[in-house]
Amino acid sequence: MTHNPVVIQKKIALVGAPGVGKTSLVRRFVESLFDDRYLTTIGVKVDKKDMHVGGVPLRLMLWDIAGAEDGFIPSSYIRGAAGYLLVIDGTRPESVQPALDIVAQIDRDIGVLPAVAVLNKCDLADAWGLSSSGLAPIDARGTAVVRTSAKTGEGVEDAFLALASRLTT
Amino acid sequence: MADRPITNLRVHVYGTQGSGSIFPSRSERLAFQRRSDRDLLLHVFEDIARRAGPDGQISATVEELLGGPLTPRTIATYADRFDVPEPRVYGGWTTCVRIETADDYDIVLDCGSGFRNCARDLQTKWGSRQERHLYLFGSHSHLDHTEGFDQAAVCFDPRNHLHIHGNEQFLRALDYHLGIFTRQVASSAQGVQTPIFFGVMPATFHACAIGTPTTGPDPDGRPPLGARAHDLSAPVQVGETSITPFEVFHPAPCLAYRIEHRGRVMVFCTDHELRHGDPSHPDWQASREAEARLIAHATGADLLYRDGQYLRSEYDGMQGIGTSGAIPRAGWGHSCIEDVIDMSVACGVRHTLIGHHDPNREWSERNWLDESLARRTAGSDRSIELARAETVFDL
């Protein structure tokens with residue numbers, strides 16, 4: 001008699017300023033695809049990805065939540081999330097502050113959740129604009145930081161895996 | 001805009017709210033205020049910063065900054081220099097849209113609670129004129145599309161003629177409590193929903209039933225409406241404006257309208273569901289056929305008003321709206337915002353207004369969605385936005 005292990009389902013949110021690459025990260029992670037065209041997410045787009053973490057079957061429900069210039073997202077979209085990826089555009093230091101505003105909002109409205117900071121667009125090395133001082137508030141929280149490129153795929157699996165690992169331990 | 005001549009159609013949006021009227025909560029009012037304060041302060045500090053010397057120091061008196069002594073009047077004049085965006089008000093009253101035509105006809109689409117203000121504006125516009133005709137087109141019978149009728153000033157002026165078009169159920173809904181067509185109200189209905197009835201409504205009401213009206217009493221034994229019949233497949237002509245009705249998909253029989261005037265086109269489609277889920281569901285095919293009709297009528301339109309009450313995640317029951325629970329909304333008769341966007345782009349619609357807002361969606365969330373829509377269409381000659389009350393568009 002075979003025994004099918006129970007699949008654990010976890011909702012994880014992708015949050016950050018507009019245009020930082022949240023949708024591209026999901027597409028790369030789920031479909032191994034990348035498209036240069038930018039299409040703003042309206043509200044939320046939900047995808048899923050099945051994976052194993054430490055031998056545990058896991059279904060990640062990926063909530064790609066539209067960004068906002070002022071760092072506001074409706075808290076109702078985060079509710080129920082086990083954790084989140086905080087996405088920052090490595091070529092745009094101004095995308096750090098909206099990310100920090102979102103963290104503060106989640107802490108206030110939902111509570112402190114496991115998170116991984118994703119510094120995206122690392123393929124654009126010449127345009128990289130993030131400094132360690134700019135990221136100090138994130139470091140101070142002890143948040144794991146992963147450099148990614150949705151375009152090349154670099155670091156993308158690692159970022160999701162880093163968060164998923166935190167959710168299964 | 002009111003001072004400019006109407007060259008084609010002028011569209012006034014009075015009510016965009018779905019399901020029920022809403023009033024901004026205290027937190028929403030405070031959010032309006034904070035946003036306006038922030039924007040004004042930004043302008044003020046930019047203005048002050050312009051006076052900085054090479055060393056960055058600012059040397060100016062209050063009088064110099066304000067252009068006069070510190071009084072409420074000079075402060076108001078100073079603030080008026082700056083273009084502070086007004087708060088966007090997406091909802092409030094339920095569905096009502098008015099169209100003024102270049103050949104001086106007045107057309108109204110639906111009479112939700114927005115119809116009260118609409119009627120006030122019509123009375124003001126008509127003033128003392130003798131020819132006073134309103135052409136009202138109803139989508140369907142539900143309360144949020146009829147509730148403003150008995151509060152509308154145009155119904156209480158004996159000089160007015162209201163030519164009311166809609167399917168039989170819409171006309172019956174207006175007549176049931178008011179008796180405006182049959183000149184009678186059942187004793188069981190008299191005064192139940194409203195103290196108003198035909199006896200205190202001196203305007204003249206003309207009914208035009210779109211589709212096939214019943215000629216005898218209806219199944220409940222109520223007398224015939226005495227409505228003029230109009231074939232569903234033919235446009236209604238109001239002066240130079242052609243108004244073509246077509247059926248869309250909703251739990252109640254529901255009409256949408258293509259309004260065409262001298263080559264310009266507006267499509268009004270409130271309360272229509274593009275159904276998702278199991279294709280074998282009996283409603284799936286009917287919904288898809290209705291969507292195909294809508295696409296055929298909206299292709300190349302200059303202005304589209306379309307129901308987009310939910311996000312797909314809300315429709316599928318993955319996400320609640322505001323503080324409401326996450327429950328599947330398939331079969332509730334409303335479309336998803338994502339579907340409106342896809343349809344608008346595919347049809348090449350120039351300007352799309354997404355309406356019938358869910359009453360549970362908070363102002364801050366509506367702003368968030370609207371700003372995302374603005375980013376989506378930035379740099380394009382097409383625009384898609386959430387419909388807002390008290391907005392006016394010239395075609």
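So you know, we letter chains A, B, ... as the sequences are listed, proteins then strands, and number each from 1. Everything numeric here is computed off the predicted structure, so don't read it as measured data.
Contacts of B:Ser364 with chain A are made by both backbone and side-chain atoms, with heavy-atom separations under 4.5 Å. At a 4.5 Å heavy-atom cutoff, B:Glu362 makes no contact with chain A through either its backbone or its side chain. Heavy-atom distances place the backbone of A:Thr41, and not its side chain, under 4.5 Å from chain B. If you measure heavy-atom distances from B:Arg35 to chain A, the contacts under 4.5 Å come from the side chain alone. Heavy atoms of A:Val46 lying under 4.5 Å from chain B belong exclusively to its side chain. Looking at B:Ile321, there are no atoms closer than 4.5 Å to chain A (heavy atoms on both sides), in backbone or side chain. Proximity to chain A (any heavy atom under 4.5 Å) is restricted, for B:Leu311, to the side chain, taken from C-beta onward. Residue contact with chain A, scored on non-hydrogen atoms closer than 4.5 Å, involves the side chain of B:Glu338 exclusively.
Salt-bridge check for B:Glu314 with B:Arg361: passed, with a basic side-chain N closer than 4.0 Å to an acidic carboxylate O. Between B:Arg312 and B:Asp316, at least one side-chain N (NZ, or NE/NH1/NH2) sits under 4.0 Å from a carboxylate O, which counts as a salt bridge. In this structure, B:Asp37 does not pair ionically with B:Arg34, as no charged nitrogen and carboxylate oxygen lie closer than 4.0 Å.
In summary, of the residues considered (B:His356, B:His334, B:His272), a ring pair (Phe, Tyr, Trp, His ring centres under 6.0 Å) with B:His250 occurs for B:His334 alone.
At least one cation-pi condition fails for A:Lys49 and A:Phe160: the charged atom is not both under 6.0 angstrom from the six-membered ring centre and inside a 45 degree cone around its axis. For the pair B:Arg366 and B:Tyr90, the NZ or CZ position fails the cation-pi test of under 6.0 Å to the six-membered ring centre and within 45 degrees of the ring normal.
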